[in-house]
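These notes are about the structure you will find just below.
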Amino acid sequence: MKLCCENNSIYINSANIFTGGTDTTTITLEWSLAELINHPTVMEKAMKEIDSIIGKDRMVMETYIDNLSYLQAIVKETLRLHPPSLFVLRESTGNCTIAGYDIPAKTWVFTNVWAICRDPKHWDDPLEFRPKRFLNNDNESKKMGQVGVRVQHYQLLPFGSGRRGCPGALLALKVAHTTLAAMIQCFELKAEEKEGYYGCVDMEEGPSFILSRA
Ligand code: HEM
């Protein structure tokens, strides 16, 4: 049988899934672990949540994740401060105006996800790693608790949005939540004591479109 695909689309889509689906999730895990090591009280709270919901005799499994709301807030806060895809890209199909700028047809428009996720217009203390902001139990969280990474809350866009939004978001979140929970449950993580970084992980960002640690 001869398969007929315009523009080599099977090849392009498969490559998309591999490139878009591998680095992004591991980078999210790396940033989450780095933030947890640098915020021992957050780490302790996450351990306590896992202990109280799962206990010490069972391993974390995907089915428990719905009950680990603090862990989910940690991943959300990581994706806010360190969105692996810095930009979301669109090409205008016709002339249009965005935020007062006239955009001609066929223009590439980059949305700076990184900047929006740190914008003080949308976030209190935007540079602080504070997963609590996503939990529904104080005034700030009442505002932010409902902000999801996969719905149309445009101040938090790690997976993009709309028809071309990330199709792997659900899978990515499942993998990130379960792996992070297992690592917190099984290991005691600390930073190496080396000159300049006593007990802290260096959070410098690498130079790339995909936001990895330097
Ligand atoms: C934390 C992990 C991930 C992040 C942060 C992420 C982020 C994104 C973003 C921002 C886009 C562009 C969306 C837009 O333009 O609106 C995208 C597209 C895409 N992602 Fe992900 N992604 C992740 C994981 C995955 C996984 C696990 C897969 C597949 C197994 C995947 C497959 C894709 C594909 C195929 C596209 C292109 C969709 C299209 O062009 O229509 N991603 N992703």
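Computation of the quantities below employed the complete heavy-atom set of this structure, encompassing side-chain atoms and omitting hydrogens, waters and symmetry-equivalent molecules. These numbers were taken from a predicted model, which means no experiment stands behind them. Numbering of ligands and ligand atoms starts at 1, following listing order.
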Practice prompt. With heavy atoms of Thr25 as the reference, note each atom of ligand 1 found under 4.0 Å away.
Written response: 2 (C)
Worksheet item: Looking only at protein heavy atoms, which one is nearest to atom 37 (C) of ligand 1, and how far off is it?
Response: Asn16 ND2, 3.9 Å
Practice prompt. Just need the protein heavy atom nearest to atom 26 (C) of ligand 1, so name the residue and atom and give the distance.
Written response: Gly21 CA, 3.3 Å
Discussion item. Tell me if a side-chain donor or acceptor on Asn95 pairs with a main-chain N or O of Pro104 at a distance below 3.5 Å.
Written reply: no
Practice prompt. Would you mind checking if Arg130 and Glu77 are paired as a salt bridge, meaning a charged N to carboxylate O distance below 4.0 Å?
Written response: no
Item to complete: Nearest 0.5 Å please: distance from the SG atom of Cys96 over to the CD1 atom of Ile103.
Response: 6.0 Å
Worksheet item: Between Ser161 and ligand 1, does any nitrogen or oxygen pair lie at a separation below 3.5 Å?
Response: yes
Worksheet, complete the sentence: When distances are taken from atom 1 (C) of ligand 1, the protein heavy atom at minimum range is Thr28 OG1, 3.4 Å
Fill in: Atom pair CD1/NZ of Ile37 and Lys190 - distance to nearest 0.5 Å
10.5 Å
Worksheet entry | Selection from Cys166, Gly162, Ala172 by shortest heavy-atom distance to atom 17 (C) of ligand 1 | Cys166
Response to the item:
of all protein heavy atoms, closest to atom 4 (C) of ligand 1 is Phe159 CE2, 3.4 Å
Fill in: Check: Asp23 main-chain N/O paired with Thr26 side-chain donor or acceptor under 3.5 Å
yes
Item to complete: From the options Pro167, Ser85, Pro84, select the one whose nearest heavy atom is closest to atom 9 (C) of ligand 1.
Response: Ser85
Discussion item. Could you tell me, atom by atom, which parts of ligand 1 come under 4.0 Å of a heavy atom of Gly160?
Written reply: 10 (C), 13 (C), 14 (C), 16 (O)
Worksheet item: Is there a nitrogen or oxygen of Arg164 sitting under 3.5 Å from a nitrogen or oxygen of ligand 1?
Response: yes
Discussion item. Between Arg80 and Glu128, does any NZ, NE, NH1 or NH2 come within less than 4.0 Å of an OD or OE carboxylate oxygen?
Written reply: no
Discussion item. For Arg118 and Glu205: C-alpha separation, side-chain torsions, deciding distance, then whether salt bridge (charged side-chain N to carboxylate O under 4.0 Å, His left out) applies.
Written reply: CA-CA 15 Å; Arg118 290 168 177 236; Glu205 297 166 346; 3.6 Å; yes
Worksheet, complete the sentence: For Pro158, the atoms of ligand 1 under 4.0 Å from one of its heavy atoms are 5 (C), 7 (C), 10 (C)
Discussion item. I'd like to know if Glu49 pairs up with Lys45 as an ion pair, taking the criterion as any Lys NZ or Arg NE/NH1/NH2 lying under 4.0 Å from an Asp or Glu carboxylate oxygen.
Written reply: no
Item to complete: Decide whether Glu62 and His177 meet the rule of one side-chain donor and one side-chain acceptor closer than 3.5 Å.
Response: no
Worksheet entry | Location of contacts on Val88 toward ligand 1, heavy atoms closer than 4.0 Å | side chain
Worksheet, complete the sentence: Ranked by distance from atom 25 (C) of ligand 1, the top protein heavy atom is Gly20 O, 3.3 Å
Practice prompt. Specify the protein heavy atom at minimum distance from atom 23 (C) of ligand 1: its residue, its atom name, and the distance to 0.1 Å.
Written response: Thr24 OG1, 3.4 Å
Fill in: Where ligand 1 meets Leu171 - atom numbers and elements under 4.0 angstrom, heavy-atom basis
30 (C)
Discussion item. Can you tell me how the ring of Phe110 sits relative to the ring of Phe87, calling it parallel under 30°, perpendicular over 60° and tilted otherwise?
Written reply: perpendicular
Worksheet item: Does any N or O atom in Arg90 lie less than 3.5 angstrom from one in ligand 1, N or O only?
Response: yes
